[in-house]
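Values in this document were obtained by computation on a predicted structure and should not be read as measured data. FYI, the numbering just counts along the sequence from 1.
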Amino acid sequence: MKITEQNFIKQISLGNEKALEYCMLHYGGLVRSVVRRHIGSLAHYEEDCINEVFFAVWENIGSYRPDRNPFANWIAGVARLKALDCLRKHARQLLESSWEENLPSQASQEDTALQAIEEEISRETRQMLDCLKPRDRELFIRLYIEEQDIEEISQSTGMSRPAIYNHLSRGKRKLRKLFPRHVQNQREETDL
């Protein structure tokens, strides 16, 4: 069977490796540009990240909904999430490695890379939180980023604990709706 733009998605879901090759050939440039834009200075992780993107496509093609958006948008979103996952993994590795393992020249390069990763993750977090109402955004920042105690937030805002939890719950629902795969990936990471 000849693989075409009209049948490659169905063929991937049926386990046809030729369809995945078609996908890599036709969407590889898009995936590479999205990954490169997000991991930038960590070029040595680029190929692994691209491989993870296509593996995710192979494993999760059933979650693609053609009625919601074109395949190019979907695979670009998968690439973005995998690039951010790659940045998080690299950041974890940097934090877990001891100072003895890093030579002085490597340490400064690693610090620069870690700072770039943290800035990218912070930018992504800000973009996600920008979709929330100002009050909900403030509560998310205070509780999850600044790690303030719920009692402290309640006292300083004059809001009851149930009201705070209602705002947080509403915000989480909105984030899950707007960023379903990203929120799921975050949940999986915290479960590990």
Could you report the tightest heavy-atom contact between A76 and V34, atom names first, then the distance?
O-CG1, 3.7 Å
Any chance you could measure I75, atom CD1, to H26, atom NE2, to the nearest 0.5 Å?
12.5 Å
For F54 and G28, the nearest pair of non-hydrogen atoms, with its separation, is CZ-CA, 3.9 Å
Indicate the atoms forming the closest heavy-atom contact of A83 with H38, along with that distance.
CB-CB, 3.6 Å
Would E47 and R32 count as a salt bridge (Lys or Arg N to Asp or Glu O under 4.0 Å) here? Give the steps.
CA-CA 8 Å; E47 286 302 317; R32 182 174 300 281; 2.8 Å; yes
How close do C49 and C86 get, counting heavy atoms only, and between which atoms?
SG-CB, 4.2 Å
Side chain to side chain, W58 and E17, heavy atoms closer than 4.5 Å
yes
Using the six-membered ring wherever Trp is involved, compare the ring planes of F71 and Y27 and label them parallel, tilted or perpendicular (cut-offs 30° and 60°).
perpendicular
Are F55 and M24 connected into the same hydrophobic cluster when the rule is that any two of I, L, V, M, F, W, Y join if their side-chain heavy atoms are below 4.5 Å apart?
no
Following the transitive rule for hydrophobic clusters with a side-chain heavy-atom cut-off under 4.5 Å over Ile, Leu, Val, Met, Phe, Trp and Tyr, establish whether I150 and F140 coincide in one cluster.
yes
Using 0.5 Å steps for rounding, measure from the NZ atom of K10 to the CG atom of N16.
12.0 Å
S33 and R37: side chain donor to acceptor below 3.5 Å:
no
Locate the shortest heavy-atom distance separating R137 from L132; write the atom from each residue and the value.
NH2-O, 3.0 Å
Is there a continuous path of hydrophobic side-chain contacts, each under 4.5 Å between heavy atoms, that joins L25 to L30?
no
Student check: side-chain heavy atoms of M159 and L139 closer than 4.5 Å
yes
Is the shortest heavy-atom distance from the side chain of R135 to the side chain of T157 under 4.5 Å?
yes
Would you check if there is a donor-acceptor pair between the side chains of S156 and R142 at a distance under 3.5 Å?
yes
Mind checking whether I12 and Y22 have side chains closer than 4.5 Å, heavy atoms only?
no
Going by heavy atoms in the side chains, are K18 and F8 under 4.5 Å from each other?
no
Taking the side chain as every heavy atom from C-beta outward, state whether Y64 and S13 have any atom pair closer than 4.5 Å.
no
